[in-house]
Amino acid sequence: EADEPPPYRIVREDGTVHPKGFAHADKGAYGMGMVVMNTESEPGDRQPWVEIWHPRKLRWTQGCALLRLKVQLPDSVKSASELDVCITSTHLRIGTVGDADPVVVGNFERKVEPEGDNFAWFLVPDEKPPLLEVCLDKATADVYQTFSYTTLLWPRLFDDDRAVGEGLFEADLTDLPPHLLDKYRREQARASQQSADDRKRRAKMTEEEIAEETARNWNEEFARHGMPGRMDTTNV
């Protein structure tokens, strides 16, 4: 059975086809599986842009805390003064002065900060047709309250778009507030060191001792979550 073609294109920042555009599509959604985490540098050209029509053509990409859009404008637009850009926490409308028909309009999938620290929009120089670039901060509450930074990745830009598959976007943590990024790096370093220490310690243990420790660790998790299941352990 032929798969449903996705109603969007996976492209690079310049609009050319991205290699991830050849990834497997499931029910009209490209997916890569595991989400790649970037903490030391931006993913750069590995990060795709999603090209959609809403109603005119635009493409968008994201990090954990930021959204970037590039909107194709009518050929008649010569300067930013001819644009009418309206952004609220839940809605985007881009039009031209004197024209009732929007260039782009839609309700965001989640909330944004319309007056965030990184908010900006401008005409990209020397682009034909004219191109508007927009940078938006995702909602501060989402960034600070998330239990996992991968959940900050939006599955779609507008709430009526087709969702993209998990793992298509990499998690770019470099755009997080510096103290949150530093906290994440410390936690990851601590977890890596703990894992290395555990491997060294287990190298000196018998298989029975390893099995016993594993069972006890599972039982602690079961008890912590109020689950009745228990694994067999020795009564020491």
Side-chain angles (χ1 to χ4, degrees), residues 10 12-13 18-20 22-24 26 29-50 60-68 109-110 113 116-118 135-155 163-227 229-234 236:
I10 305 302
R12 301 179 187 272
E13 182 174 1
H18 194 285
K20 287 186 176 181
F22 300 100
H24 172 68
D26 181 19
Y30 285 109
M32 303 291 289
M34 185 178 296
V35 176
V36 177
M37 309 292 284
N38 295 275
T39 61
E40 300 303 324
S41 62
E42 299 177 3
D45 202 40
R46 298 193 312 274
Q47 190 76 299
W49 291 64
V50 178
W60 69 280
T61 190
Q62 62 178 321
C64 286
L66 297 178
L67 294 167
R68 290 180 61 198
E109 168 70 3
R110 303 176 189 169
E113 298 288 345
D117 291 341
N118 297 287
C135 184
L136 290 168
D137 295 90
K138 295 179 181 179
T140 302
D142 291 344
V143 173
Y144 277 85
Q145 296 175 11
T146 183
F147 65 90
S148 171
Y149 289 123
T150 59
T151 65
L152 294 176
L153 296 177
W154 291 17
V164 301
E166 185 174 358
L168 183 67
F169 284 109
E170 297 187 12
D172 180 11
L173 281 72
T174 63
D175 63 10
L176 289 172
H179 63 285
L180 291 183
L181 178 57
D182 289 342
K183 179 183 178 183
Y184 180 84
R185 286 170 173 167
R186 290 195 303 270
E187 291 173 347
Q188 292 301 110
R190 185 164 54 249
S192 296
Q193 186 60 53
Q194 181 65 47
S195 178
D197 293 343
D198 286 344
R199 288 196 299 271
K200 288 181 181 178
R201 180 172 54 80
R202 289 193 171 197
K204 302 176 182 179
M205 297 168 63
T206 65
E207 290 185 6
E208 291 78 8
E209 289 172 332
I210 293 174
E212 173 73 12
E213 180 182 73
T214 301
R216 290 182 182 275
N217 288 340
W218 275 112
N219 288 344
E220 289 177 2
E221 288 298 307
F222 292 152
R224 187 162 66 91
H225 293 285
M227 300 172 63
R230 293 293 182 273
M231 298 182 70
D232 293 336
T233 60
T234 59
V236 179

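Residue indices begin at 1 and follow the sequence shown. Heavy atoms only: backbone and side chains are in, while hydrogens, waters and symmetry mates are out. The structure presented is a predicted model; accordingly, all values stated were derived computationally and were not measured.
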K.L.:
Distance from Thr150 atom OG1 to Leu152 atom CG, nearest 0.5 Å?
P.N.:
8.0 Å

K.L.:
Taking only residues two or more places apart in sequence or in another chain, which ones pass side chain to side chain donor-acceptor pair (under 3.5 Å) with Glu213?
P.N.:
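By the side chain to side chain donor-acceptor pair (under 3.5 Å) rule, Glu213 matches Arg201, Arg202.
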
K.L.:
Looking only at atom types and distance, does a side-chain atom of Thr214 sit under 3.5 Å from a main-chain N or O of Ile210, one as donor and one as acceptor?
P.N.:
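Checked: pair present.
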
K.L.:
Asn217 and Glu221: side chain to side chain donor-acceptor pair (under 3.5 Å), yes or no, with the steps?
P.N.:
CA-CA 6 Å; Asn217 288 340; Glu221 288 298 307; over 6 Å; no

K.L.:
Working to the nearest 0.5 angstrom, can you tell me the gap between His225 NE2 and Glu220 CD?
P.N.:
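One finds 11.5 Å between NE2 of His225 and CD of Glu220.
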
K.L.:
If I compare all heavy atoms of Leu173 with all of Cys64, which pair ends up nearest, and what's the gap?
P.N.:
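In terms of heavy atoms, the two residues are closest at CD1-SG, 3.8 Å.
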
K.L.:
Around atom CG of Asp197, are there more than 12 heavy atoms from other residues, nucleotides or ligands closer than 6.0 Å?
P.N.:
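Yes, enclosed.
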
K.L.:
Over all heavy atoms of both residues, which pair between Gly63 and Lys138 is shortest? Give the atoms and the distance, please.
P.N.:
O-NZ, 2.8 Å

K.L.:
Can you confirm whether the side chains of Glu113 and Thr140 place a donor and an acceptor under 3.5 Å from each other?
P.N.:
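There is such a pair between these side chains.
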
K.L.:
So does Glu187 have more than 12 non-hydrogen atoms from other groups sitting under 6.0 Å from CD?
P.N.:
yes

K.L.:
Kindly say whether Pro48 contributes a backbone atom to a donor-acceptor pair with the side chain of Lys20 at under 3.5 angstrom?
P.N.:
no

K.L.:
Testing the basics here: between Gln62 and Phe169, what is the closest heavy-atom pair and its distance to 0.1 Å?
P.N.:
NE2-CD1, 3.1 Å

K.L.:
Using atom types as modelled and distance alone, determine if a side-chain donor or acceptor of Asp137 lies under 3.5 Å from a backbone N or O of Asn118.
P.N.:
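Side chain of Asp137 to backbone of Asn118: a pair is present.
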
K.L.:
Decide side-chain contact (heavy atoms from CB on, under 4.5 Å) for Leu66 and Leu136; before the verdict, give the C-alpha distance in whole Å, the side-chain angles of both, and the deciding distance to 0.1 Å.
P.N.:
CA-CA 6 Å; Leu66 297 178; Leu136 290 168; over 6 Å; no

K.L.:
Just wondering, do Ile10 and Val50 contact through their side chains at under 4.5 Å, heavy atoms?
P.N.:
yes

K.L.:
With distance as the sole test, does His18 use its side chain to make a donor-acceptor pair with the main-chain N or O of Asp45 at under 3.5 Å?
P.N.:
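Side chain of His18 to backbone of Asp45: a pair is present.
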
K.L.:
Which residues pass the side chain to side chain donor-acceptor pair (under 3.5 Å) test with Asp175, sequence neighbours left out?
P.N.:
none

K.L.:
Looking at Glu212 and Arg216, is there a salt bridge between them, counting it only when a charged N and a carboxylate O are closer than 4.0 Å?
P.N.:
yes

K.L.:
Side chains of Tyr149 and Leu176: does their closest heavy-atom pair fall under 4.5 Å?
P.N.:
yes

K.L.:
Check whether any side-chain heavy atom of Glu13 lies under 4.5 Å from a side-chain heavy atom of Arg68, and answer yes or no.
P.N.:
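Glu13 vs Arg68: side chains touch.
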
K.L.:
Would a 4.5 Å heavy-atom cut-off, applied to side chains only, mark Pro177 and Lys183 as touching?
P.N.:
no

K.L.:
How about Glu166: does its CD atom have over 12 heavy atoms from other parts shown lying under 6.0 Å from it?
P.N.:
no

K.L.:
For the residue pair Asn38 and Asp172, confirm or rule out a side-chain donor-acceptor distance under 3.5 Å.
P.N.:
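There is no such pair between these side chains.
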
K.L.:
When rounded to the nearest 0.5 angstrom, what is the spacing between CZ in Phe222 and CE in Met231?
P.N.:
6.5 Å

K.L.:
Looking only at non-hydrogen atoms, find the nearest pair between Arg110 and Asp142 and report the distance.
P.N.:
CB-OD2, 4.4 Å

K.L.:
Kindly state each residue pair satisfying salt bridge (charged side-chain N to carboxylate O under 4.0 Å, His left out) with at least one member in residues 31-41, sequence neighbours excluded.
P.N.:
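Found Glu40-Arg185.
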
